[in-house]
**Q** 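Structure provided below as structure tokens; questions to follow.
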Protein chains: 2
Amino acid sequence: MALEHAILVSLLEKPGSGYELARRFERSIGYFWTASHQQIYRVLKRMESDGWVEVRDVAQYGRPDKKEYSVAGRGRDALSAWLNEPTEPESVRHDLAVKVRGAAFDDPTALISQVERHRQAHTDRLTHYLAGETRDFGDPPPDGRLDAERELQHAVLRGGIAYERMMIAWLDDVLATLARLDTGR
Amino acid sequence: MALEHAILVSLLEKPGSGYELARRFERSIGYFWTASHQQIYRVLKRMESDGWVEVRDVAQYGRPDKKEYSVAGRGRDALSAWLNEPTEPESVRHDLAVKVRGAAFDDPTALISQVERHRQAHTDRLTHYLAGETRDFGDPPPDGRLDAERELQHAVLRGGIAYERMMIAWLDDVLATLARLDTGR
DNA sequence: TACATCATGTAAGGCGTTACATGATTCA
DNA sequence: TGAATCATGTAACGCCTTACATGATGTA
């Protein structure tokens, strides 16, 4: 999997500029695939020269002009090829898990505040996801039809919600373990 | 967070060679921080020249000789400094989530087999974790005391178990969504 | 006038992946 | 004899992060 594919999906959902894509990668898409604006501008250039996307200069009033990108035929083909190619589950990276195991060789109690900070971050994200769910999926679609784009976006959001809930529960478990070590049971 | 810190934790738990570390990164530590043997050898060299680890040549019978690494004083200090430095939650990367959203622009039904493959991979891992839990934490420690290293390792393993369970449940949710789109409810 | 936001980039360096390479020992 | 496992590396290339850079417009 590459950043290209995430950009293609985002541009198919809605065309936009590099700047707008960068903003989307701070929310929405960015919750399961991150990228900085530097990466995005570089990759967009390559995608343009490969004919995956098309650019259109858009003059704006009260704002700097922008380049609006949209997916070209070759980009659609590339996405389709990637979608049908099997991929392995991504490797997980949890620095906090390394810290928890490392704390046994330092001061376990000192880790409590950090675990609490992470817990807060995950609670904030959960709140944000739940608000987004109510806003975007709270009412049935106006036309009543089953919209694949909408249903699949919702399924991904439910994944984010499940992930945050799991993390909060696990961090509580870690906090309880640290407390037990502190008091000696 | 860097690979160095994960290596320090692993070597504190038990000294070993680069090869042995690479094997541990395929299991245990590798479930929340991955690394290839090429990376490990390169980083070990740097850690040695920085005085973070010490090397000892170990002659073996019936096997090639190996270099056994253990953590030096400076390595312990480096780990301690990192443990006490606040870190942000790692960014998540789920290619399957990108595919799920991308499937709306291709053939959603074609994704079913891939989701099932991922589900199988997560089920296998869960089975493996649960077996490890019974093996390593099934009985109370022989001396009955509260061992920080053991308790924290167990807490991290419980995190892995919770993660796999959450993923399996979410993949079932995605499969149900894809089926609904296929039959048109 | 100063700060925030919109908008787009370059450059350096480190991290990670893929491919290539070597050689010993054990077991079928 | 051949395959698997143990053991240790080098090299090339690409991805990602961090830092630096510029300039327009809107708002307090």
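Every chain is numbered from 1 and lettered A, B, ... according to where its sequence line falls, protein lines coming before strand lines.
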**Q** Okay, side chain of A:W82, backbone of A:A2: is any donor-acceptor separation there less than 3.5 Å?
**A** no
**Q** Toward the 5' end of DNA chain D, which comes first, B:R93 or B:D65, by nearest nucleotide?
**A** B:D65
**Q** With the threshold set at under 4.0 Å for non-hydrogen atoms, list the residues of residues 39-50 of chain A touching DNA chain D in residue-number order.
**A** A:Q39, A:R42, A:R46
**Q** Between A:H5 (NE2) and D:dC15 (C1'), how many Å, whole number?
**A** 15 Å
**Q** With sequence neighbours excluded, give me every side chain to side chain donor-acceptor pair (under 3.5 Å) pair touching residues 8-23 of chain B.
**A** A:R101-B:E13, B:S10-B:R24, B:E13-B:Q153, B:E20-B:K66
**Q** Assess whether a salt bridge exists between B:R56 and B:E68, defined as any Lys/Arg side-chain N lying under 4.0 Å from an Asp/Glu carboxylate O.
**A** yes
**Q** Indicate, with a heavy-atom threshold strictly under 4.0 Å, whether A:S17 touches base, sugar-phosphate, or nothing.
**A** sugar-phosphate
**Q** To check you understand the geometry: which heavy-atom pair defines the closest contact between A:L44 and A:L21, and what is its length?
**A** CD1-CD1, 3.9 Å
**Q** Between P on D:dT5 and NZ on B:K66, what's the gap in Å once rounded to a whole number?
**A** 18 Å
**Q** Each nucleotide N or O in nucleotides 26-28 of chain D that has a protein N or O under 3.5 Å away: list the pair and distance.
**A**
{"from": "D:dG26", "atom 1": "OP1", "to": "A:G62", "atom 2": "O", "distance (Å)": "3.1"}

**Q** Which residue, A:M167, A:M166, A:R165, forms the side chain to side chain contact (heavy atoms under 4.5 Å, CB included) with A:H122?
**A** A:M167
**Q** Rounded to 10°, tell me the angle between the two end axes of the helix from C:dT1-D:dA28 to C:dA28-D:dT1, each built from five pairs.
**A** 30°
**Q** Are the aromatic rings of B:Y163 and B:Y31 close, with centres under 6.0 Å apart?
**A** no
**Q** Check salt bridge (Lys or Arg N to Asp or Glu O under 4.0 Å) between A:D173 and all other residues, then give those that pass, not counting sequence neighbours.
**A** B:R158
**Q** With the threshold set at 4.0 Å, does a side-chain nitrogen-carboxylate oxygen contact exist between A:D50 and A:R74?
**A** no
**Q** Using side-chain heavy atoms (C-beta onward) and a distance below 4.5 Å, is A:L171 in contact with A:L96?
**A** yes
**Q** By nearest heavy atom, map A:Q38 and A:P64 onto DNA chain C; which one lands nearer the 5' end?
**A** A:P64
**Q** Over how many whole Å does the gap from A:H37 atom NE2 to D:dT17 atom C1' extend?
**A** 12 Å
**Q** Backbone N or O of B:T123 within a donor-acceptor pair of the B:T127 side chain at under 3.5 Å?
**A** yes
**Q** A side-chain contact here means heavy atoms from C-beta on lying under 4.5 Å apart; do A:L12 and A:R76 qualify?
**A** yes
**Q** Can you give me the first and the last nucleotide of DNA chain C (5' to 3') that has an atom within less than 4.0 angstrom of a non-hydrogen atom in chain B?
**A** C:dC15 to C:dT26
**Q** Could you tell me how far apart B:Q60 (CD) and D:dC6 (C1') are, to the nearest whole angstrom?
**A** 8 Å
**Q** Please check: side-chain N/O of B:D65 versus main-chain N/O of B:Q60, any donor-acceptor pairing under 3.5 Å?
**A** yes
**Q** If we ignore hydrogens and angles and just use 3.5 Å, is the side chain of A:R117 paired with the main-chain N or O of B:E88 as donor and acceptor?
**A** no
